[in-house]
Student: 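Below you'll find the structure I mean.
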Amino acid sequence: MSEKVLMKANEAMAEAAIMAGCKHYFGYPITPQTEVAAYMSKRLPKVEGGVFLQAESEVAAINMVIGVASTGKRVMTSSSSPGISLKSEGLSYLAGCDLPALVINVQRGGPGLGGIQPSQSDYFQATRGGGHGDYHMLVLAPNSVQEMVNLTFKGFDLAEKYRMPAMILADGTMGQMMEPVSLDMGEVKQYDKSWALTGTKCEREPNIVNSLYIDPAELEKINIERYERYKLVEENEVMYEEYLMDDAEICVVAFGVTARVSQNAIDEARKKGIKVGMIRPITLWPFPKDVLNKAADKVKCFISVELSMGQMIEDVKLATECKKPVYLCNRVGGMITSTDDVLKSIEEAAKIGGEN
Amino acid sequence: MTVFEKPKALTDKVLHYCPGCTHGIIHRLVAEVIDELGVQGRTIGVASVGCSVFSYNYFNVDMVQAAHGRAPAVATGVKRSDSNNIVFTYQGDGDLAAIGTAETVHAAARGENITVIFVNNAIYGMTGGQMAPTTLPGQITQTSPYGRDVNTVGYPVKVCEMLSQMDGATYLERVAVNNVKNIKKAKEAIKKAFQNQIDGKGFSLVEVLSTCPTNWGKTPVAALGWLEENMLPYYPLGVYKDKTKEEN
């Protein structure tokens, strides 16, 4: 039984990154994730080979990440919604250069400058890539401080395994939560880095890290090959959690903080005799399409509980092929769905639920 | 006895630059310096966006292609990943002095131990000859078809002068490649800029006044003349900062 420490999620993620062998962090202050940078600024100088740099902007930070990633080393940056928009160009370049890196988004209300309270309204941005062009990032959605730690560790691993960027999509609540965590993550896996920029030592041909392919036939080939890798990710790396789904007639779909709230609401609803359960996606990309599609054959309806104007609901509809109705239970602007909000939605769904 | 040969730090790929473009000369100077300093095996170059975007095909070292303007930030990552890497950026005036101004200024402010080669030809070459931050007053370009009007679009950016105010910058020199005498001085400056990095002395930038015959609408020889008559007076050659001299 490994020792547990009480930690704030933002700081726990930073420590998990160091456990995962990440010695390079570039960031910029923005609420509600500045603790990540503050923690790294104290911790990394004490790690051998540790590099902490507060960059002049989120744009500069993601490009510093590209620099380290191109040398084959683990590297991370973190930000919140408006700062992630600034990084969009860099995310596209990371994907286009097939570089592993971890990016943390502790979401806040938007659009524009928005608010500093939690949201999940960057779902589209994260799962559709964020930047321009055809590409995906691994998107991991933790719902506890322990999961923040586990998914940070796993994020680095998957990013290197598949040579693509990975994003931890958290929200302001998750970032600020304090819970006991175990930091015992086990061994860091090693992957082939023969592509990395380490200096030729005049012993090999130069390596080039690049995303420019002027010949359209070549660029098409590269895109197709990359999507073949993405197919492997979709086949092998989907993660989700089911809660009380065995006899469920209503399926709640939620991630992060709304999943925590929904679980309470489901327990309340069950006391009232409503047969409701939850499928909680842990990977938002790849999205757990198969389990949702199978559930659509059994349940009467779905409820997507999100802190957005309705983003994940589209993926639920796509995954279930609209076989059953999908309702939205949402708050935005930094407001968080309460247990009552979700319970009300469940009760409404139970009344009209699909057919009766 | 070999009198003249291709530097080892240049590949065999045929350069795509226009006839009379001075990128060819500058590439060669950088490659000769890398050879002479014996650092080819540990040099990592950061290509930028502009006519030199394909420089990753020409320099015989590990290379990374950066987004427009971001080369100094990418270089910061590469250098801080392993200080044994000799890291240089190769950037044009749009890349360094327009979109990349913040990354340039802050790399200098932090005193990043990197070498920046800044090719200033007073125009945006790759995209077909638009106005650059370094375009001279009255100069005609595709986006200043009536000549750069300082009343509406302001004045050119003098990078060496601007960066000379930064405590973090170690060595800033402006050179030109319009004649043999200047080319020789340009090579010395580039060599110093790389030697500073080897010695861990901090941020070095060499601004190289260059020609763009195609977009200036001149023959290669006439372009060299235009540089001499118009750019040298506006962008005086010389050392704008040298902390290494102050130390001695």
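This is a predicted model, so every value here is computed, not measured. Residue numbers start from 1 in every chain, and the chains themselves are labelled A, B, ... in the order their sequence lines are given, proteins ahead of strands.
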Student: If every non-hydrogen atom of B/A73 is compared with every non-hydrogen atom of A/A60, which pair is closest and at what distance?
Tutor: CB-O, 3.7 Å

Student: Once rounded to the nearest 0.5 Å, what's the spacing between atom OG of A/S57 and atom NE2 of B/H106?
Tutor: 8.0 Å

Student: Based on non-hydrogen pairs under 4.5 Å, which of A/I62, A/N63, A/T198, A/V65 is most in contact with chain B?
Tutor: A/N63

Student: Atom OG1 in A/T200, atom CG in B/N60: separation rounded to 0.5 Å?
Tutor: 7.0 Å

Student: With a 4.5 Å heavy-atom cut-off, do B/F54 and A/L212 have their side chains touching?
Tutor: yes

Student: Verify the neighbour count for atom CD1 of A/I116: are there more than 12 heavy atoms of other residues, nucleotides or ligands below 6.0 Å?
Tutor: no

Student: Do you know the tightest heavy-atom contact between A/G199 and B/I44?
Tutor: N-CD1, 4.1 Å

Student: Out of A/N210, A/I66, A/V209, which residue meets the side-chain contact (heavy atoms from CB on, under 4.5 Å) rule with B/Q65?
Tutor: A/N210

Student: Of the non-hydrogen atoms in A/E56 and B/E103, which two are nearest, and what is the gap between them?
Tutor: OE2-CA, 3.5 Å

Student: Partners of A/R74 by salt bridge (Lys or Arg N to Asp or Glu O under 4.0 Å), sequence neighbours excluded?
Tutor: A/E160

Student: Would one find more than 12 heavy atoms of other residues, nucleotides or ligands at under 6.0 Å from atom NZ of B/K13?
Tutor: no

Student: Should we say atom OH of B/Y155 is surrounded by more than 12 heavy atoms from elsewhere, each under 6.0 Å from it?
Tutor: no

Student: Is there a side-chain contact between A/L53 and B/E112 in this structure, where contact means two heavy atoms from C-beta onward sitting under 4.5 Å apart?
Tutor: yes

Student: Please check if the number of heavy atoms outside A/Y28 that lie under 6.0 Å from its OH is greater than 12.
Tutor: no

Student: Step through the shown structure and confirm whether more than 12 heavy atoms of other residues, nucleotides or ligands are within 6.0 Å of CD on A/E225.
Tutor: yes

Student: Quick check: do A/T71 and B/D82 have side-chain heavy atoms less than 4.5 Å from each other?
Tutor: no

Student: Return the minimal non-hydrogen interatomic distance between B/G77 and A/V68, and the atom names on each side.
Tutor: O-CG2, 3.3 Å

Student: Let me know if A/A61 has heavy atoms under 4.5 Å from chain B in its side chain, its backbone, both or neither.
Tutor: neither

Student: So, do B/R70 and A/E89 sit near enough that their side-chain heavy atoms are less than 4.5 Å apart?
Tutor: yes

Student: How close do B/V61 and A/P206 get, counting heavy atoms only, and between which atoms?
Tutor: O-CB, 3.2 Å

Student: Ignoring hydrogens, what is the shortest heavy-atom contact between A/N207 and B/D62? Give both atom names and the distance.
Tutor: N-OD1, 2.7 Å

Student: Can any side-chain N or O of A/K73 pair as donor or acceptor with the backbone N or O of B/S81 at less than 3.5 Å?
Tutor: yes

Student: Side chain from CB out, backbone as N, CA, C, O: work out which of these in B/A66 comes under 4.5 Å of a heavy atom of chain A, or both, or neither.
Tutor: backbone

Student: Contact part of B/R42 toward chain A, heavy-atom cut-off under 4.5 Å: side chain, backbone, both or neither?
Tutor: backbone

Student: I'd like to know which of A/E203, A/E205, A/R204 tops the heavy-atom pair count under 4.5 Å against chain B.
Tutor: A/R204

